[in-house]
Amino acid sequence: MKKIMLIILAAITIMGLWAGGTTDNSGTAAPAGSLSVSVSPSENTVQEAVGVAELYHEFRQDVAGVSRKYNNADITVQGVVIRTGPDIHGTPSIELSDTAGGTLYVLVVVNSFGQLNEVSIGETVTMKGNFHIFSSGNWGVVLKQGEILKKG
């Protein structure tokens, strides 16, 4: 039943974004002092690793504006591995959060299932991926073409 609900939520989210809407209507503000990172226009890459919480809250402040800012950009993020395995589309993914029991997510889709064996649940990692989408639902920030840059 949970899987069906996630699929329905995913479909609604995608339809809303396709129609030009946003998925974040909660009005929740980010905590004071949230980190804002810059994208290098020449390389279209975030210059420094950003924490999961900072990235997530930056999107919650202005989904449309931040999505445009990171459109087709590589983002480097640091977080704690909370899950590895196939995502709802069956692709190999690593889920990061701000803490081991955190509720803020960055889902990084990697190129092979073999890469999932390179990290452990609870391990802090730095990863890079290309921004794909933000959903305030169960996904958070989704990065594709992910790679593991640093463990520990």
Side-chain angles (χ1 to χ4, degrees), residues 1-18 22-24 28 30-31 34-61 63 66-152:
M1 181 64 147
K2 185 177 179 181
K3 193 172 191 175
I4 292 171
M5 293 299 288
L6 287 174
I7 291 170
I8 292 170
L9 177 62
I12 292 169
T13 301
I14 292 168
M15 293 291 290
L17 292 173
W18 176 73
T22 66
T23 60
D24 187 5
T28 304
S34 288
L35 175 66
S36 178
V37 295
S38 61
V39 176
S40 166
S42 61
E43 297 176 7
N44 209 21
T45 302
V46 173
Q47 296 299 308
E48 59 185 72
V50 61
V52 169
E54 291 86 1
L55 184 62
Y56 185 88
H57 288 302
E58 184 178 10
F59 273 94
R60 296 228 3 149
Q61 284 182 330
V63 175
V66 176
S67 293
R68 280 190 302 276
K69 172 182 173 181
Y70 291 126
N71 182 40
N72 204 30
D74 287 334
I75 299 175
T76 302
V77 64
Q78 182 179 48
V80 177
V81 177
I82 59 169
R83 183 183 175 281
T84 62
D87 62 12
I88 64 169
H89 302 291
T91 57
S93 301
I94 299 171
E95 291 181 27
L96 304 177
S97 191
D98 54 334
T99 63
T103 58
L104 307 177
Y105 301 106
V106 173
L107 179 113
V108 184
V109 178
V110 294
N111 295 323
S112 72
F113 282 95
Q115 288 176 279
L116 303 181
N117 298 325
E118 297 177 25
V119 297
S120 301
I121 305 298
E123 182 176 29
T124 298
V125 298
T126 302
M127 299 187 72
K128 180 174 78 170
N130 190 266
F131 172 68
H132 178 64
I133 194 170
F134 173 78
S135 168
S136 61
N138 292 329
W139 299 338
V141 180
V142 178
L143 306 178
K144 291 198 169 185
Q145 301 166 343
E147 59 184 279
I148 302 162
L149 300 177
K150 179 180 170 186
K151 297 190 287 183

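All values reported here derive from a predicted model rather than from experimental measurement. All values below were derived from every heavy atom in this structure, side-chain atoms included, with hydrogens, water molecules and symmetry-related copies excluded.
- The shortest non-hydrogen separation linking Gly140 to Tyr56 is CA-CE1, 3.9 Å.
- Residues Leu107 and His132 have side chains not in contact (no heavy-atom distance under 4.5 Å, counting atoms from C-beta outward).
- To the nearest 0.5 Å, atom CG of residue Asn72 and atom CZ of residue Phe131 are 10.5 Å apart.
- In terms of heavy atoms, Ser67 sits closest to Phe59 at OG-CE2, 3.8 Å.
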For residues 78-86, which side-chain donor-acceptor pairs fall under 3.5 Å, sequence neighbours excluded?
residue : atom : partner : partner atom : Å
Arg83   : NH1  : Pro86   : O            : 3.4
Arg83   : NH2  : Pro86   : O            : 3.0

Hey, can you pull the donor-acceptor pairs under 3.5 Å for the side chains in residues 141-148, sequence neighbours left out?
none

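- Here the straight-line distance linking atom CD1 of Ile94 with atom CG of Leu116 works out to 5.5 Å at 0.5 Å rounding.
- Contacts of Lys150 classified as side chain to side chain contact (heavy atoms under 4.5 Å, CB included), with partners at least two apart in sequence or in another chain: Thr126.
- Between the side chain of Thr91 and the main chain of His89, no donor-acceptor pair closer than 3.5 Å is present.
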Could you walk me through whether Phe134 and Val66 pass side-chain contact (heavy atoms from CB on, under 4.5 Å), step by step?
-> CA-CA 9 Å; Phe134 173 78; Val66 176; over 6 Å; no
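- Not counting sequence neighbours, Asp98 has no partner by the side-chain hydrogen bond (donor to acceptor under 3.5 Å, both in side chains) test.
- Take Thr103 and apply the side-chain hydrogen bond (donor to acceptor under 3.5 Å, both in side chains) test, not counting sequence neighbours, and it matches no residue.
- Residues passing the side chain to side chain contact (heavy atoms under 4.5 Å, CB included) test with Glu123, sequence neighbours excluded: Val119, Ser120, Val125, Lys151.
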